[in-house]
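No experiment lies behind these values; they were computed from the predicted model shown.
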Amino acid sequence: MSKISIAKGDINTSKSGSKNNTTEENKQVYKFKTKELSFNCRQLSAMLSSGLTLVKALDILSKEQENEKATKIWLDIYEQVQKGESFSNALEMQGDAFPKFMKSMVGAGESSGQMDIIMKRLEAHYDKENKMNNTIRGALIYPIILLVLCVAVCILIFTVIIPVLKPLFGDDPKNLNIIAQFLLKGNEIFINYWYLILVAVAALTAGIVYALKVPSIKYKIDMYKITAPKVGPLMVKIYTARFARTLSSLYSSGIPMVECLQRSSDVLNNLYVSDKFKQVIDEVKQGEPLSAAITRTEIFESMFCSILFVGEEAGALDDILEKSADYYDEEADSAVQRLVSLLEPVAIIFLGVVVGLLLAGVYPAIYESLSGLENI
């Protein structure tokens with residue numbers, strides 16, 4: 001009987017082929033959400049703190065899952081740990097079901113023998129991440145509604161309103177103003193070539209999705225995120241909050257600084273930042289102070305770099321990072337609200353322009369029609 005361990009591309013063989021297939025299927029079709037990770041870490045922390053063994057805690061946790069796929073994954077982890085596999089390796093066996101950050105933290109907990117404390121830190125981390133994600137989603141609801149409304153109004157104008165008002169424009173479109181001619185042409189295109197519009201929209205969407213996967217294009221977009229006027233400083237605050245919180249959690253768990261920096265920069269999911277941090281990691285390996293290396297990237301605010309310098313000088317970098325993470329969490333919430341507030345007037349102005357164009361194109365025709373009735 002052989003055993004398989006999937007870690008860094010190494011594949012071992014498990015007790016049965018069907019077990020392997022289950023693990024492969026899980027890591028292909030399911031990825032835990034931030035809310036689920038927070039709940040699972042909270043449950044594990046509570047059970048481990050109360051004196052339960054890890055095997056028993058995993059057994060209970062697998063039965064508390066509401067999602068069938070999640071149940072299978074935790075059950076597989078429970079069985080692997082019961083056979084003698086480490087918890088971190090059991091997580092690695094699930095592929096991308098769990099984030100690398102969690103795997104690193106669990107490995108640190110196994111090394112230090114403080115798994116209950118690590119789980120508590122993971123719970124706090126993912127709880128804050130979930131709140132941040134909820135804040136972003138909640139703030140985007142209104143702009144999205146406005147955008148959908150703008151698209152609906154445009155479709156309504158060209159497919160319903162213009163056909164009703166078309167008799168007012170007369171038989172010769174050349175006598176109409178440019179806006180009226182544009183509205184009539186738009187109506188003709190919508191009515192006769194609607195399928196081509198759908199194809200064009202689908203092709204444009206597919207093109208954008210593909211372009212975002214091209215490293216060179218994504219690199220430029222990621223760079224623009226933090227250098228763009230107005231938007232850039234707000235994105236930097238959001239990135240600083242995530243970076244500080246992740247680095248604080250990893251460093252206070254006893255993970256080497258080089259790995260902490262690698263994991264923390266990866267959490268931001270920004271190619272430009274990750275590229276800059278390659279230089280930071282090289283400089284830290286050579287003995288350069290973290291604050292000086294990060295300052296040279298010109299990514300984060302000077303205040304954050306100063307906070308890192310103070311933490312290094314005082315020998316309390318983990319405490320300073322934790323307090324900085326709390327501060328920048330609040331700043332990130334405000335940044336999200338300000339970022340969305342920039343989108344709202346753009347959507348409102350666009351909607352106003354659309355309605356204004358309609359009035360500008362239709363009003364002269366209505367006025368001429370009313371004038372003609374008065375002369376009868």
Side-chain angles (χ1 to χ4, degrees), residues 3-7 11-110 114-138 242 245-246 249-250 253 263 266-267 269:
K3 185 166 63 174
I4 291 192
S5 174
I6 302 177
I11 304 181
N12 309 319
T13 312
S14 75
K15 184 175 180 180
S16 67
S18 61
K19 185 64 169 207
N20 258 350
N21 293 336
T22 301
T23 303
E24 289 293 331
E25 180 184 355
N26 286 341
K27 67 182 181 180
Q28 287 180 11
V29 302
Y30 195 76
K31 189 173 183 179
F32 282 90
K33 299 179 179 63
T34 307
K35 183 179 180 180
E36 294 174 305
L37 293 173
S38 176
F39 168 78
N40 290 324
C41 292
R42 183 186 307 116
Q43 296 300 95
L44 283 174
S45 174
M47 288 187 284
L48 294 175
S49 299
S50 64
L52 290 179
T53 63
L54 178 61
V55 173
K56 184 61 177 176
L58 290 172
D59 182 29
I60 296 173
L61 186 64
S62 65
K63 298 174 182 177
E64 292 182 350
Q65 303 301 309
E66 296 180 357
N67 187 294
E68 183 180 352
K69 295 175 182 176
T71 300
K72 290 181 179 179
I73 289 176
W74 281 112
L75 184 60
D76 185 57
I77 293 172
Y78 159 71
E79 292 175 354
Q80 294 298 332
V81 173
Q82 193 178 38
K83 293 175 185 176
E85 195 70 66
S86 68
F87 187 22
S88 57
N89 283 344
L91 293 178
E92 286 283 357
M93 288 174 132
Q94 306 307 317
D96 294 330
F98 298 94
K100 294 179 181 179
F101 171 74
M102 181 175 177
K103 298 172 187 175
S104 298
M105 291 285 284
V106 169
E110 290 174 332
Q114 298 179 323
M115 187 62 72
D116 55 336
I117 297 176
I118 292 297
M119 283 297 154
K120 193 171 186 64
R121 287 174 180 166
L122 282 170
E123 175 207 339
H125 175 86
Y126 286 118
D127 186 54
K128 290 178 180 177
E129 280 287 313
N130 186 51
K131 288 180 180 177
M132 172 66 72
N133 293 337
N134 288 339
T135 300
I136 294 174
R137 282 193 291 266
R242 289 180 174 172
R245 182 170 58 251
T246 306
S249 299
L250 291 170
S253 301
R263 298 295 189 200
D266 289 343
V267 165
N269 193 28

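In summary, Lys131 and Asp127 engage in a salt bridge, as defined by a charged side-chain N under 4.0 Å from a carboxylate O. Ion pairing between Lys63 and Asp59 holds under the 4.0 Å rule for side-chain N and carboxylate O.
The closest side-chain heavy-atom distance from Asn134 to Arg137 is below 4.5 Å. Side-chain contact between Met119 and Gln43: absent, with no pair of heavy atoms (C-beta onward) separated by less than 4.5 Å. Between Leu44 and Leu58 the shortest side-chain heavy-atom distance falls below 4.5 Å. Side-chain contact between Leu122 and Met102 is present, with heavy atoms from C-beta onward closer than 4.5 Å. With a 4.5 Å cut-off on side-chain heavy atoms, Glu64 and Phe39 count as touching.
Between Phe101 and Tyr126, the ring planes lie perpendicular to each other; the angle is over 60°, past the 30° to 60° tilted range.
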* **side-chain contact (heavy atoms from CB on, under 4.5 Å) evaluation trace for Phe98 with Val106** => CA-CA 11 Å; Phe98 298 94; Val106 169; over 6 Å; no
Exercise for review: Run the numbers on Ile77 and Gln94 for side-chain contact (heavy atoms from CB on, under 4.5 Å), then give the verdict.
Suggested key: CA-CA 8 Å; Ile77 293 172; Gln94 306 307 317; 3.9 Å; yes
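The main-chain N or O of Phe87 is found under 3.5 Å from a side-chain atom of Glu110 such that the two form a donor-acceptor pair. Under a 3.5 Å cut-off, the side chain of Gln65 and the backbone N or O of Leu61 do form a donor-acceptor pair. Between the side chain of Asp76 and the main chain of Lys72, no donor-acceptor pair closer than 3.5 Å is present. Judged by distance alone, with hydrogens and angles left aside, the side-chain atoms of Ser50 form a donor-acceptor pair with the main-chain N or O of Met47 at under 3.5 Å. Using a distance-only test at 3.5 Å, with no hydrogens or angles considered, no donor-acceptor pair links the side chain of Ser45 to the main chain of Cys41.
Here the shortest heavy-atom pairing between Asp116 and Ser49 reads CB-OG, 3.6 Å. Closest non-hydrogen pair, Leu75 versus Ser62, comes out as N-CB, 3.8 Å. Nearest heavy atoms, Arg263 versus Ser104: NE-OG, 2.8 Å.
Atom CE of residue Met105 and atom OG of residue Ser88 lie 13.0 Å apart, to the nearest 0.5 angstrom. Rounding to the nearest 0.5 Å gives a distance of 10.0 Å between CG of Leu37 and NZ of Lys31. Here the NZ-OG1 distance, from Lys128 to Thr34, works out to 14.5 Å after rounding to the nearest 0.5 Å. Rounded to the nearest 0.5 Å, atoms CZ (Arg242) and CG (Asn269) are 9.0 Å apart. Taking CZ of Arg245 as the start and CZ of Arg121 as the end, the distance is 15.0 Å to the nearest 0.5 Å. To the nearest 0.5 Å, the span separating CG on Asn130 from CD on Glu123 amounts to 11.5 Å.
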